[in-house]
Amino acid sequence: MADYISPVFYDLLAVNSHIPDVRKKLPPLLTGVHRSILEIGAGTGLITTSVAEWTPAEIFALEPSAAMRAVLLSRLAERPDLLERITVLPHDALSLDLDDPLEAMVMINVMYALEPGYRKRLWPVLAGQLEPGGLLIFTWHDGGPPKPRPMRQLDSRQVGRHTYTVSSEITESDDEGATCRYLYRITQGDKLLSEEELVGHAYRPAWETLREELASAGFVQADAPDGLLAWRRP
Ligand SMILES: C[S@@+](CC[C@H](N)C(=O)[O-])C[C@H]1O[C@@H](n2cnc3c(N)ncnc32)[C@H](O)[C@@H]1O
């Protein structure tokens, strides 16, 4: 898990950032997927439960972070209908070793957490777990890593009397990655109740790099809306 993500703040912020867009763009790509889907980096399950509502497929929700997985399982605990067909895998993506080939894989906002050497080793592992014709879908934005910039507020949510605010700063960046410093604050009026600082690295590979990596793992690009990429195992 990228170490600048706060599991405590995650849902509060994610529901107002990428989640609505992904929920709009992902369903058409999963049309015709009925048997099995792997979600890599399922996090707290915001996309997992949506995928389960869009398709009748068996779902494998892979999430290595115990803190994120706890929220995911908490979300599933009250959905006995989903508990029957969602298996939560507690390991990282490279350790994937399922018995049956998968129809589709979905990886939403996870690539930034994958160190380049790890990412290169991951594509062949994913290709090996997909059935022929199987689909790999993930979020990706062009433009490389963000440039250094000072601390600024990203979002803020009110929870009862308290305000949950996240701010971030990019302290360094190079061709593929950036070092990010995040501040998670809970306040009541002017009073600071808690503050947590998390620092981590985020990777954003260039299109050419990604294209070469996926092509050499045997993937062929398929159509996908802006912000998502889709690749098929021929
Ligand atoms: C920003 S969260 C996204 C969660 C979810 N996909 C969503 O969109 O709400 C990124 C997730 O990727 C997970 N992750 C990081 N490295 C991973 C790896 N090597 N294999 C699988 N998951 C990983 C993190 O633990 C984290 O839960």
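Atoms within each ligand, like the ligands themselves, are counted from 1 in listed order.
Atom CD of E63 and atom CD1 of I40 lie 11.5 Å apart (nearest 0.5 Å). Expressed to the nearest 0.5 Å, how far OG1 of T163 lies from CZ of R157 amounts to 11.5 Å. The distance from atom CZ of R204 to atom CG of L210, rounded to the nearest 0.5 Å, is 13.0 Å. Atom-to-atom distance recorded for T139:OG1 and M111:CE is 7.0 Å, nearest 0.5 angstrom.
Of all the heavy atoms of A93, the ones lying under 4.0 Å from any atom of ligand 1 are found in both the backbone and the side chain. Contacts between L62 and ligand 1, counted as non-hydrogen atom pairs separated by less than 4.0 Å, involve the side chain only. With a heavy-atom cut-off of 4.0 Å, L114 touches ligand 1 through its side chain alone.
Applying the 4.0 Å criterion to heavy atoms of N109 picks out, from ligand 1, the atoms 1 (C), 2 (S), 3 (C), 10 (C). Atom numbering of ligand 1 starts at 1 in the shown order; those under 4.0 Å from a heavy atom of G43 are 4 (C), 27 (O). Counting the atoms of ligand 1 from 1 in the order shown, those under 4.0 Å from a heavy atom of A113 are 15 (C), 16 (N). Close contacts between ligand 1 and I108 involve ligand atoms 3 (C), 5 (C), 6 (N), 8 (O) [criterion: under 4.0 Å to a heavy atom]. Atom numbering of ligand 1 starts at 1 in the shown order; those under 4.0 Å from a heavy atom of D92 are 19 (N), 20 (N). Every atom of ligand 1 is numbered from 1 in the order shown, and the set under 4.0 Å from a heavy atom of S65 is 25 (O).
The ring-ring contact (aromatic ring centres under 6.0 Å, His included) test with Y184 is passed by exactly one of F9, Y10, Y164: F9. Looking at R79, R23, R85 one by one, the single match for salt bridge (Lys or Arg N to Asp or Glu O under 4.0 Å) with E53 turns out to be R79.
Checked by distance only, ligand 1 and G41 come closer than 3.5 Å through their nitrogen or oxygen atoms. For I47, no nitrogen or oxygen atom sits less than 3.5 Å from a nitrogen or oxygen atom of ligand 1, counting backbone and side chain alike.
Residue contact annotation: I19 has a non-hydrogen atom under 4.0 Å from ligand 1. For the ligand labelled ligand 1, residue H18 lies inside the 4.0 Å heavy-atom shell. Put simply, no part of A14 is less than 4.0 Å from ligand 1, judged by heavy atoms.
Heavy atoms of other residues, nucleotides or ligands lying less than 6.0 angstrom from CG of D174 number more than 12. Under a cut-off of 6.0 angstrom, the local environment of CD in E84 is sparse, with at most 12 non-hydrogen atoms contributed by other residues, nucleotides or ligands. Counting non-hydrogen atoms of neighbouring residues, nucleotides and ligands closer than 6.0 angstrom, the CD atom of E78 reaches no more than 12 such neighbours.
Residue E63 holds the heavy atom nearest to atom 25 (O) of ligand 1 of all those in E63, R69, M68, E39. The closest non-hydrogen atom to atom 7 (C) of ligand 1, taken over Y10, Y118, F138, comes from Y10.
The closest side-chain heavy-atom distance from Y182 to I5 is not below 4.5 Å.
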